[in-house]
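Fair warning: this is a prediction, and the values are worked out from it, not measured in the lab. Residue numbering restarts at 1 for every chain, and letters A, B, ... go by the order of the sequence lines.
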Amino acid sequence: MLKSRPLKALIFAVCLAPAAWLGWRIWRMDLTANPLEFITHFTGDWTIRFLVITLAVTPFRKLLRLPDLIRFRRMFGLFAFFYACLHFATYLWLDKLFDVPEMVKDIGKRPFITAGFAALVCIAPLAATSTAGWIRRLGGRRWRLLHRLVYVSAAAGVAHYYWLVKSDIRLPALYGLLVALMLALRLVPGVRGSAAPRKPAAGSAYCGSPASTGSERGLS
Amino acid sequence: MARKLGEQIPYSEITPKSVYLNRRAFLAAAPAAFMGARALLAAPRFQTRRSPLSTSEPPTAQQYVTHYNNFYEFGTAKDDPAENAALFKTSPWSVSVDGLVKQPRKFTMDELLKLAPLEERVYRHRCVEAWSIVVPWVGYSLGALLRQAQPDPKAKYVAFESYYDPKQMPLARESGIAFPYVDGLRLDEAMHPLALLCVGMYGEALPPQDGAPVRLVVPWKYGFKSIKSIVKIRLVETQPPCTWNIANSREYGFYSNVNPNVDHPRWSQAKEQRLPSPFKNHATQMFNGYGDQVAGLYSGMDLKKLF
Ligand code: HEM
């Protein structure tokens with residue numbers, strides 16, 4: 001069932017829905033009193049959500065015995081990057097008015113911006129190397145190692161969120177907990193993929209994904 | 001409706017952009033709008049004269065000012081207070097003025113409303129979060145109230161305290177700051193004519209989310225210094241505590257004068273957004289543009305240290 005193409009299309013549409021909703025709100029100029037804050041928060045929220053969802057795929061496919069969930073991991077990761085780009089573009093355009101020196105100053109000076117930028121810099125190469133071609137070019141081991149950066153990105157994203165709130169830390173703390181949980185689950189034997197026998201095929205390119213061979217390998 | 005030239009249009013008749021661009025949503029909201037209109041008819045409209053201290057800049061649409069609030073007692077999201085403060089009980093209400101004064105006293109809301117002629121003061125309002133609005137407040141100079149109590153020569157500061165009732169404000173506990181909200185001014189700041197004891201805006205009584213029934217407006221300082229829903233005013237000898245300063249003294253100083261040259265640790269204060277503009281392209285002015293009137297209060301002070 002998880003392998004059906006319509007399902008993949010449906011999930012793609014669902015992932016795109018927040019962006020569509022935002023587009024609709026922009027079209028109607030219905031952006032609250034503070035459009036900059038509204039768009040920054042909306043896109044930031046969806047970035048961190050997709051990061052957590054992406055991290056959840058591997059533990060969940062083991063826990064739920066649904067190995068085919070792997071089909072969606074790349075899509076979720078790319079959506080995280082997509083929303084991060086919207087988020088960053090909002091900051092660069094509306095907040096900084098494309099004043100790049102001012103932005104660089106911000107990144108150097110303000111820990112929360114430094115962390116956000118680090119989170120973006122960490123997932124950009126993952127998005128760029130998400131294709132089967134790159135898995136082949138890098139080789140599974142190196143590709144897997146590189147893609148562990150997703151944890152660094154998520155942790156930096158959480159630090160970014162934690163440092164930017166004024167006093168109400170409930171949500172950043174929740175995301176921090178979720179990221180820590182996903183990481184912990186990866187380290188638990190039986191949930192961590194590498195504890196299972198690994199097929200020598202190219203499917204091993206997916207870190208900890210013994211069943212992710214065949215159909216999804218091509219990714220093209 | 002035909003209007004004579006120069007006659008003021010009531011603020012409630014000025015439609016925010018998001019509404020006139022949204023006829024369909026507007027029609028869907030018609031029943032609610034009808035109820036709202038009835039409420040408006042019931043709300044007292046203040047007879048005011050426009051103060052010469054007003055700016056000529058156009059006021060921000062009322063709808064935005066009433067639905068974009070920092071009032072952590074009623075939740076930390078900007079749209080929380082409009083929703084959660086709707087049933088906030090603001091009557092009966094009284095404000096005590098005591099401490100180092102010759103005439104300590106409690107003022108009922110009725111007494112406060114009659115203590116001095118109500119003026120309309122259109123002020124720029126600059127939030128520490130780098131956005132600003134223009135609001136036609138209703139009230140009179142805070143000094144008029146303080147003089148009634150006759151401050152003692154020993155009094156150097158004024159301490160303010162907001163109302164706090166965990167039963168009416170269940171979300172306050174989760175906000176991460178301590179309540180009741182407190183703040184303070186130096187006595188000479190408090191006696192400055194621009195410092196406004198505010199009971200209304202847009203010609204009407206303050207809505208709960210904007211600090212009903214009585215608040216402070218100190219237009220040359222960041223918005224959080226303009227304490228809401230005041231119940232206690234005390235004249236004291238030493239610098240009183242301020243909620244945001246207690247929460248984070250590195251980020252929020254006692255003075256918190258609007259100052260484009262002193263950044264908040266997390267963002268620049270050089271520019272601001274004039275809401276509802278999405279662009280942070282409005283240059284922030286020293287003392288929020290009230291420097292001519294208030295700079296003298298701070299002569300000789302290092303405002304980078306005493307931010
Ligand atoms: C993977 C990368 C990132 C993630 C996960 C992320 C996440 C978030 C989240 C969750 C919020 C708060 C949303 C809310 O309060 O509802 C936020 C706000 C914000 N982010 Fe990011 N962000 C990322 C990258 C960046 C980058 C690269 C920049 C700019 C260089 C940036 C600038 C901001 C700003 C300016 C705010 C608003 C701060 C405020 O309201 O005080 N973020 N981000």
Legend entry - Separation of A:Asp95 CG from B:Lys271 NZ (nearest 0.5 Å): 10.0 Å
Inset, instruction - Please tell me if the side chains of B:Glu129 and A:Glu37 come closer than 4.5 Å, counting only heavy atoms from C-beta onward. - result: yes
Inset, instruction - Tell me, for B:Glu251 versus chain A, whether the close heavy atoms (under 4.5 Å) come from the side chain, the backbone, both or neither. - result: neither
Legend entry - Atom pair OH (B:Tyr64) and OG1 (A:Thr32), whose distance is rounded to the nearest 0.5 Å: 8.0 Å
Legend entry - Backbone N/O of B:Pro265 and side chain of A:Arg110: donor-acceptor pair under 3.5 Å: yes
Inset, instruction - Please look at A:Leu97 and chain B and tell me whether the side chain, the backbone, both or neither of the residue comes under 4.5 angstrom of a heavy atom of that chain. - result: side chain
Inset, instruction - Check whether B:Asn69 gets within reach of chain A through its side chain, its backbone, both or neither, counting any heavy atom under 4.5 Å. - result: neither
Inset, instruction - Pick whichever of A:Val165, A:Ile169, A:Asp106 has the most heavy-atom pairs under 4.5 Å with chain B. - result: A:Val165
Inset, instruction - Measure the shortest side-chain to side-chain distance between A:Leu36 and B:Lys280 over non-hydrogen atoms and say whether it is less than 4.5 angstrom. - result: yes
Legend entry - Side chain / backbone / both / neither for B:Asp79 at chain A, heavy atoms under 4.5 Å: neither
Legend entry - Neighbours of chain A found in residues 164-175 of chain B - heavy atoms under 4.5 Å: B:Glu174, B:Ser175
Legend entry - Pairwise side-chain contact, B:Trp244 with A:Lys166, heavy-atom cut-off 4.5 Å (strictly under): yes
Inset, instruction - Give the minimum heavy-atom separation between A:Ser167 and B:Tyr72, together with the two atoms involved. - result: OG-CE2, 3.3 Å
Inset, instruction - Would you name the heavy atoms of B:Tyr68 and A:Asn34 that are closest together and state the gap between them? - result: OH-ND2, 2.8 Å
Legend entry - Portion of B:Ser277 that has a non-hydrogen atom of chain A nearer than 4.5 angstrom: backbone
